[in-house]
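Notes to accompany the following structure.
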2 protein chains.
Amino acid sequence: MAHKPRSEMIAETRAKLVAAAREAFGRVGYANASMDDFTAGAGLTRGALYHHFGGKQGLLEAVITQIDAEMSARLNGVSARFSDPWQGFVEECVGYIEMALEPEIQRIMLLDGPAVLGNPFNWPNQPGCIRSLTNSLKRLVADGQADVADPEATARLVSGASLHASLWIANSDDPEATSKRAVAAFKRLLEGLRTGAPSSG
Amino acid sequence: MAHKPRSEMIAETRAKLVAAAREAFGRVGYANASMDDFTAGAGLTRGALYHHFGGKQGLLEAVITQIDAEMSARLNGVSARFSDPWQGFVEECVGYIEMALEPEIQRIMLLDGPAVLGNPFNWPNQPGCIRSLTNSLKRLVADGQADVADPEATARLVSGASLHASLWIANSDDPEATSKRAVAAFKRLLEGLRTGAPSSG
DNA sequence: ATAATTACATACGTAACGTATGTCAATTGA
DNA sequence: TCAATTGACATACGTTACGTATGTAATTAT
């Protein structure tokens, strides 16, 4: 049987480590994930980990980069499904909330990531999600549909509200009901950014 | 010299531990704070810590309870200084942002706290800040100044936006400038919740 | 006065991290 | 083609720091 090329083997090793770490971080949290354990689970040792990622933090960065890229892709997919730009924007935000309800994303991207790596906005690709929101907002402003002076700043606020909404929902006694409340309040909040804001109704 | 009463000594021990832990957690972060180190700094050992707080997490909870109470008090003070209810609400939110700029609050309440203890909304008194915002919103709704169907949900979103604004500001290259942008965008966001929302201007 | 509980300190075992080093394959250069 | 070097890991080691178990002196209860 022919051996695989060297570069491919290395890529596999890296991918295996990232996958194993992602699973462990998501399941038990960064602090409780033993490097010896999950590297062994991937058929490797800590030696490989230190070689490729420099340490536990480096692996976390790699995991976060991977997840963030997936989130960006999903968000772009959501907003693209709506012909009405405003509705696309709103659903993109709601999609943000829904994604953050997944335990893995919550644990890694919202809790451990910021605590270990510091501010999420400095992360490699977290800007991905922010940029997606920012671009959507810019388009709305250009179309005259949103009255926002600083789309990027607004996008960051909106993102913060979304993330915390997710934490609230996920930790509530009745996630279903809480989710409805959060999304409703969130839509109302966004409605206030609209040009002709028909706030009273 | 007369000895202090027993209960007072115990209270002092607890207070010393909380103070030492608060300083250490705020300075180097929860994970990097050695219990041996900061208990020794308080003239005690880990024995006292385990006796009073059950462990490292218990101490963190105590620290967070203390900080949260302080934050609540400060927030109440801010909103009370304004005669116009709407302005009071806005400034309360801005005060929230400004408090979260302090490194200790950011590190303990925004980063380590959620990562170690889980969702902040389950914390002992974090509801303090949320409740403060919720009450302000309810009053505005009652006065007909805000058009918000679910004050609590809205308060949580607003709080999330505030907290993330703080993280953004604190980690930006130019905190001064970023702060102005964030606060401006934040005020615009709140403006959208007003009854007669004069969004275009 | 003695028993029991409280408020700590001390001692111990262990898990986990980072580093330093070792090894073997693959690549490069002559 | 063969030696030298680099790269990709594994192994071994020392240290830190945590939790627990135990010890002890002072207080409280009986």
Side-chain angles (χ1 to χ4, degrees), chain A residues 1-63 107-108 112-113 115-117, chain B residues 1-63 107-108 112-113 115-117:
Chain A
M1 47 168 118
H3 284 216
K4 297 187 176 179
R6 177 112 168 121
S7 62
E8 200 169 317
M9 297 281 302
I10 295 173
E12 263 183 33
T13 297
R14 287 182 58 100
K16 274 196 282 189
L17 284 173
V18 169
R22 177 172 175 169
E23 192 279 336
F25 292 162
R27 186 164 41 82
V28 299
Y30 176 82
N32 296 325
S34 159
M35 299 163 74
D36 282 316
D37 282 357
F38 67 74
T39 51
L44 296 159
T45 69
R46 265 187 358 220
L49 196 164
Y50 277 97
H51 179 70
H52 284 293
F53 301 97
K56 206 179 183 183
Q57 283 200 21
L59 234 187
L60 179 60
E61 289 175 25
V63 167
R107 183 78 246 180
I108 298 178
D112 287 334
V116 177
L117 265 37
Chain B
M1 47 167 79
H3 283 212
K4 298 188 174 178
R6 176 108 170 130
S7 62
E8 199 169 319
M9 296 283 300
I10 296 173
E12 264 182 32
T13 297
R14 287 181 59 101
K16 275 196 281 189
L17 285 173
V18 170
R22 177 171 173 169
E23 193 278 335
F25 291 164
R27 187 164 41 82
V28 300
Y30 177 83
N32 296 325
S34 159
M35 299 163 74
D36 283 315
D37 282 357
F38 67 75
T39 51
L44 295 160
T45 69
R46 267 187 358 227
L49 195 163
Y50 278 98
H51 178 70
H52 284 293
F53 300 97
K56 205 180 185 183
Q57 283 199 21
L59 234 189
L60 179 60
E61 288 175 25
V63 168
R107 181 80 248 180
I108 299 177
D112 287 335
V116 176
L117 265 38

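Letters go in sequence order (proteins before strands), and every chain restarts at 1.
Residue pairs meeting the ring pair (Phe, Tyr, Trp, His ring centres under 6.0 Å) criterion with at least one partner in residues 44-63 of chain B, sequence neighbours excluded, do not occur; the list is empty.
Counting to the nearest Å, the C1' atom of D:dC9 and the NZ atom of A:K16 are 12 Å from each other. Atom CD in A:E8 sits roughly 15 Å away from atom P in C:dA26 (whole-Å rounding).
Taking A:Y30 as the reference, A:F25 meet the ring-ring contact (aromatic ring centres under 6.0 Å, His included) condition, with sequence neighbours excluded.
The two residues B:V18 and B:A62 have their closest heavy-atom pair at CG2-CB, 4.1 Å.
Side-chain atoms of B:R27 do not come within 3.5 Å of backbone N or O of B:R22 as any donor-acceptor pair.
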What string of B, S and - do you get for nucleotides 8-22 of chain C, 5' to 3', when a contact is any protein heavy atom under 4.0 Å? BBBB----SBBB---
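Just one of B:L59, B:L49, B:L17, B:T45 meets the side chain to side chain contact (heavy atoms under 4.5 Å, CB included) condition when paired with B:M35; it is B:L49.
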